[in-house]
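Notes for the one structure printed next.
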Amino acid sequence: MENTIAQIQTIPLQYYIIFCSALFSIGVAGVLSKRNAIVIFMSVELMLNSANLLLTAFSAYRNDPAGQIFVFFIMVVAAAEVAIGLGLLVVVYRSTKTIDIDVLNRLKW
Amino acid sequence: MFSIYLFIFLSVVALFSALKVLLSKKPIHSVLYMTLTFFTLAGHYILLNAQFLAVVHVIVYAGAIMVLFLFTMMLLNLNLEGEFSKSTLMKIVAVIAGGLLFLVLIASLKSFDVATVGTPELTQIGLVKNLGNILYKDYLLPFELSSILFLSAMVGAVMLGKKD
Amino acid sequence: MDIQFVLYKLALAGIILLVSLVIAMYATLAERKVAGFFQDRLGPNRAGTFGLLQPVADGVKLFMKEEFMPATADKFLYLLGPCLTMLVALLSSAVIPWGKSINIGGVDYSLQVADINIGVLYVFAVVSIGVYGVMIGGWASNNKYALMGAVRAASQMISYELAMSMSIVTIVMTTGSLSLNEIVAQQPGIHWNVWTQPIGFLVFTICVFAECNRAPFDLPECETELIGGYHTEYSSMKLGFYLFSEYINMFIASAMISSLYFGGYNFPFINDLGLSQNVLTLLGTGIFFCKIGVFIFLFMWIRWTLPRFRYDQLMRFGWKTLLPLAIANVILTGFFHLLFKN
Amino acid sequence: MNNTSKYNVVEAPEGFTSPGIFATTLDKAIGLARKNSIWPLPFATSCCGIEFMATMAAHYDLGRFGAERLSFSPRQADLLMVMGTIAKKMAPVVQQIYEQMAEPRWVIAVGACASSGGIFDTYSVLQGIDKVVPVDVYVPGCPPRPEQIIDGFIKIQELVGNETLRKRYSPEYKALLESYGIMQSNV
Amino acid sequence: MIPNSKNKIVLTKRSKVVSNKTMTWIERLYLPAIFQGMAITLSHFFKKEVTIQYPEVQRPVSDIYRGLHVLKRDDQGRERCTACGLCALSCPAEAITMIAAERKEDEMHLYREEKYASLYEINMLRCIFCGNCETACPKEAIFLTERFVPSQTKRDKFIYGKDVLVEPKDAPIDISKRQTPEVLAFKKDKTQSHNK
Amino acid sequence: MENNELFQNLHTQFHESILLEETNHDIFTLVVEASSIKSVIAFLKDHENFIFLTDLCGIHYPDSDLELGVIYHLHNLVENKRVRIKTFVPKATPHLDSIVEIFSGANWMERETFDFYGIIFVGHPKLERILNVEYMNYHPMLKEYPLEDATRSDKDDAFFGR
Amino acid sequence: MKTINSEHHLDLTKKDEKVYSTLNLGPTHPATHGIFQNILTMNGETIVHAEQTIGYIHRAFEKIAERRPYYQITTLTDRLNYCSSPINNIGWHLAVEKLLGVETNKRIDYMRIIVMELARIADHLICNSVIGVDSGALTGFVYVFEQREKIYEIYEELCGARLTTNLGRVGGFERDFSVGAIRKIKELLVDLPKILHQFENLLMRNRIFMDRTIGVGSISSERALNYSFTGPCLRATGIDYDVRVQEPYCSYNDFDFVIPVGQHGDTYDRFCVRQTEIWESIKLITNALDNLPEGKFNVEVPAFYLPNKEDVYSKMEPLIGHFKMVMGEIDVPKKEIYKAVEGANGELGFYVVADGGRSPYRLHFRRPGFIYYQAYPEMITDSSLSDAILTMSSMNVIAGELDA
């Protein structure tokens, strides 16, 4: 198994950077273009993930574990964020009957 | 060279499904494409020999977060995206903005000297043993703090979920 | 990476696939027979002697039944649901150590498809995505009962996963490894983990029952409330996949219980027999399957004895009883570990 | 005044046989499998339902024939067992259940009420379910003893075992269903 | 005197509250009751199965079981039925159809009385096997037996005519177990015209 | 006799509304004018402890002026007394006050009576057919309608003298 | 206290529309046993409103009864509450006997008590085991069904049928208890308690079951009386109303038995009340069988009890009487009577209006199930779907009785 892993490093780092920026941009476009709060939420997750992958890639290439630890913490935060976010969404939905963010433009309903 | 093909395959699938997340009519399809994206990302982690992260990624993202999304969606019983969507203008603007951002990032890469990153070498840091050692020795405080964060998030979610 | 290695792994995977399918097949028969015996009746005995051809008959019938697709269903997801369930059910058998290695021609062949050093985590990952098949199927059917079954399945699986992982943490703490192979190897003879981790074993078993949607946690498909739950709208082999994957899950779960807590292929006096390594391995594998059989029987025994929980009680039980119990177990184990190991 | 029913009442059929179509070896093998794996949908409305419970219970054990897996979802069932009185109010429901069942499907009318109305020759009771769905086997008795229900089940097994796979595509079968106004889904 | 929670009406002195809803802490633990239940089911696991393998093994039915009807002949092989119509009248399901005919001279050996049923049909799908016809028969002609009516694939096969209902001459069906001891004693008295 | 006492009480309360008192039946029977049925029953419940509505059903006398009748059975559980109250309405205007407000249990019994006889209970929360199909256009328990299902084909009525 | 009727006050304002979903429970849902339809308005898994539709097996019993002679109505009563048809049979016979003013002797009474209590046991067994089935424990159901099978055998010995017995006649029984029947009853009295103990041990003190049933579908005694509850459902609310004690028939007052009552009228109360009633019935049967007096198994009822067969075969007078009875040319007093017996589900009443003809002018069955089932929406509001299903099975609404 180890020698298969050795081959991995033949992938140039730029590829990762390009891939992750593409993913990130898709996430940005999603946040901007969607009105469904859940999909927006997912786009945010997409952006987070592209950052995660890039961090891991850097950490692997630089042989520095800090990057992966960082990813680990991001995942924890993301999980917490989703739990709260979706909880909020459900509450919002209960009181307004919609999750369309363009309707939710007031701070009070 | 096997791994480069694998990388390209994973990346293409990931980008495709990430686009489908945005383009799908039904939110439930978005969720499922999102899950697919996450699986491809897990593949990327394995390519980088970050086994632990890959598995945690699957457990956390595919196993918990996306299930939560799906669950919320079913709970709210939302099937219709068609009833509201942004105006075409906004969509175009969004795509342009995303595209521009991509261009900027690529452009910045051009001025960035990859050689400074270091030489790729056989890495073992992604294995659970090494990661665990570092996590519990050097990063013990953040670890504990994150657990407190998690706990408070849980309490918060429970409080939110309570009916009135 | 020589071709021989690949071939051997492929063959092993194929054999395990086959074995788990056959075992699941006959688990369906066993369930019906065992239910019969528990209820003072005979169970299927017309298809072949002792009803041995019953699973075959069921399979052929399901294959030949009309492929039905509800008009309002989401076609693609409707098909995806059962396939995903089946796929996921078969995935987790890869990391289970079925036995020690066999020595042929001086080369050791391990009876484990992939000795991943994070095998336990791998199993968790697979289990955690197991819920998708059920959710997608229930959603795609566009039927209220199916949707309710799917929602129940999702919340149940997520909730019980937590307590399950907490109960395994203690195993990881005592063995110091995430590799299933290693965990099994650390339980020689009768030094099984169950003696040191009785609470963990209890919590793990209960959670596994919930993860497999078996009674008393069979809410997602309970007949008297939700007709068929998430598979209400499924017919033919798509239904077969759902029913079948339940038994595969049960098989894998039993294998997990026996390798985590009951020493896997280890058995008492293993070293006093003075047998050659290959014989010992085969014997160990046999013992392992016997242990699995016992747990499959336990699954059935419980199912035909207990009433099921109500949805909210199930949730309360998972979050307020099992999870604190598992956490307390972790703390206790850590405490004892510090006290006695150092 | 009496003609108040909305549903389509068809004359009772003379049962359905498949003339001129002979079972091949494959048919026989599949028939053998099918007949040992008939999953019934118990449509129990009254007394006969209680006797059906007795049939399922320890003394008679319908499970011996591989039929103890009751399918309450019509999609999954092979055999519709109508047990008990079917009132005119219920008739459309029976027909709907039949329509929802996936092919191949069989129907057994258990007991006098389901088969013919029994003693309830009244304005509110359907005089036999063969007015709304085609029936394969009738079991007499009010209610039939479990032995008779098993007899009826064995008769169904014989039908199933000797049926050709092509029966469901045959014009006779289609005509039969059409006479009941039942749409075949995708045969 | 309308009852409310404080003022419950008590009608008798025999009442006793039977439901105990407070759980002891052992019962709260789930496990003891579960183990007890498992012990019970396991004890049945090793018990002998009570199943009767029906088509091969017949369960004995009672002597007076009400199954398929029989139209009796007398000792000389003549049909007993005299077509009085009481059975049809007493049938709640209206399942019996009969047409009476006058006996001709040359039919003395076939029919016992001057009138006989030229057509006697029972619709077995309608029949509810209540036994009213047997009770109503004043001529000892119709009885229910412990035989079952088999299921059929066609509805019209359930109209049982005389060919099925009348007992064969060479194989009479014993119904004496259904008759009361008084009737059986009476049957021995051959001086009675009924028994000749 | 206590029945007399009960009758006296009712009589002082309702005067002419109580049309008839019959004692030749098994239980004390009153015939009450249709207009005051609700108040009589309310009185019996509140003042005479008839707290339990045992039964409510209709009856049809085609030859009488007031064709349709409703029969109430009330039960005084504590003293174990039963009373039967009858009331009659003409078929042309079969209107009667509903007693659902007094006894919730009367709800379906009244619906059933409506279904069978067409008696309209004024004030009933949901007076619809309950047992029969909704599109049925007659009230089947009226004496003039036949029992049999017209579609039965395997019977010849001539044999049964009916 | 809840409002009078929950059927018509749900305010579905526009805001709520999206939250509530409707769920059609039945008529083919497995837990409704084939016949009831409940349209539930759900908020998630909580029921906010229920609407019932019944009549899916309406068979026009009362119309048939107006066209059939008195003795043929026995076959109808069989099919009312088919789980305990002998009680209905004998109840009907008692009603006719009351109409005719016939007194029966003690032997008939005791025989009737044995038969009726057997029927009560059979009915309660099926109800309680179905509660088990609906809560997921199927095995107990099969165990008690073995015992029900034994009760069937006893019926078969007594009358020749298992379920719809057509048992007994006006004025007594058609035939005496056979030796085999008495032997089988004694065997049952030995076997049933063992299995019943096992069944209770499987469920009664099991916390899962207790959690599922306690507080589920409860109704106050006040509301229950207002809804005219009777039988175990009323007794579960704490009111000890039992027709066997209030208006003793069939010499029930010769025996001393406990009337079990519950506390809050919930599913667990109903389960326990039924379970205790089974034990009391076993005692009653044992007592009645031990004290079974000698005597005839029928009394002379000139208009109804058919003459002995041997007399019909040989003598003119009985033959004419036999013909008259079967044809229904009989003298019945012009009278109205109401006779109630304690059916398995509550007060089973027969209101007979006799005009002297061969069939009753009007026969109304007071069907306890029909009357108390209307409280079902009130009982399940604000509970979950699972609770609704357990409540339904614990109310033991029998379709034949419900829809007549």
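Labels below follow one simple rule: chain letters A, B, ... track the order of the sequence lines, proteins then strands, and each chain is numbered from 1.
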Applying side chain to side chain contact (heavy atoms under 4.5 Å, CB included), run through A/Leu89 and A/Phe41 and close with a yes or a no. CA-CA 10 Å; A/Leu89 265 186; A/Phe41 219 145; 4.2 Å; yes
Which residues pass the side-chain hydrogen bond (donor to acceptor under 3.5 Å, both in side chains) test with B/Ser17, not counting sequence neighbours? B/Thr37
Go through B/Gly156, B/Ser147, B/Pro142, B/Ser152 and name the one with the most non-hydrogen pairs under 4.5 angstrom from chain A. B/Pro142
Which answer fits A/Phe73, side chain, backbone, both or neither, if we ask what part of it has an atom under 4.5 Å from a heavy atom of chain B? side chain
Could you tell me which portion of B/Phe71 (side chain, backbone, both or neither) has an atom closer than 4.5 angstrom to a non-hydrogen atom of chain A? neither
Is the distance between the ring centroids of A/Tyr16 and B/Phe7 under 6.0 Å? yes
Can you tell me which of B/Gly99, B/Ala97, B/Gly98, B/Ala64 forms the most heavy-atom pairs within a distance under 4.5 Å of chain A? B/Gly98
Test log, rule side chain to side chain contact (heavy atoms under 4.5 Å, CB included), inputs B/Tyr45 and B/Phe52: CA-CA 9 Å; B/Tyr45 285 127; B/Phe52 178 71; over 6 Å; no
Of A/Gly87, A/Gly85, A/Ser25, the largest count of non-hydrogen pairs under 4.5 angstrom with chain B goes to A/Ser25
Close side-chain approach of B/Met34 to A/Glu45, heavy-atom, < 4.5 Å: yes
Is it the backbone or the side chain of B/Ala18 that comes under 4.5 Å from a heavy atom of chain A, or both, or neither? both
Could you tell me whether the side chain of A/Val31 reaches within less than 4.5 Å of the side chain of A/Ser43, counting heavy atoms only? yes
Can you say whether B/Met154 sits under 4.5 Å from chain A via the side chain, the backbone, both, or neither, judging by heavy atoms? neither
Greatest number of non-hydrogen atom pairs under 4.5 angstrom with chain A, of B/Leu145, B/Val31, B/Val95, B/Ile8, falls to B/Val31
Looking at B/Leu68, B/Val60, B/Leu23, B/Val21, which makes the most heavy-atom pairs under 4.5 Å with chain A? B/Leu68
Heavy-atom pairs under 4.5 Å with chain A, option from B/Phe143, B/Tyr139, B/Tyr61 with the top count: B/Tyr61
Where the side chain of A/Ser59 meets the backbone of A/Gly67, is there a donor-acceptor pair that is under 3.5 Å apart? no
4.5 Å side-chain heavy-atom contact, B/Phe102 and A/Leu23: no
Which one wins on heavy-atom pair count under 4.5 Å against chain B: A/Val76, A/Leu86, A/Val82? A/Leu86
Backbone N/O of B/Leu41 and side chain of B/His57: donor-acceptor pair under 3.5 Å: no
Applying a strict 4.5 Å limit to non-hydrogen atoms, the region of B/Val158 in contact with chain A is neither
In terms of heavy-atom pairs under 4.5 Å with chain B, which of A/Val90, A/Asn49, A/Leu53 leads? A/Asn49
With only heavy atoms counted, which part of A/Glu81 is less than 4.5 Å from chain B, the side chain, the backbone, both or neither? neither
B/Leu101 portion near chain A, given a 4.5 angstrom heavy-atom threshold: both
Determine the interplanar angle of the A/Phe19 and B/His44 rings, folded into 0 to 90°, and report it as parallel if under 30°, tilted if 30 to 60°, perpendicular if over 60°. tilted
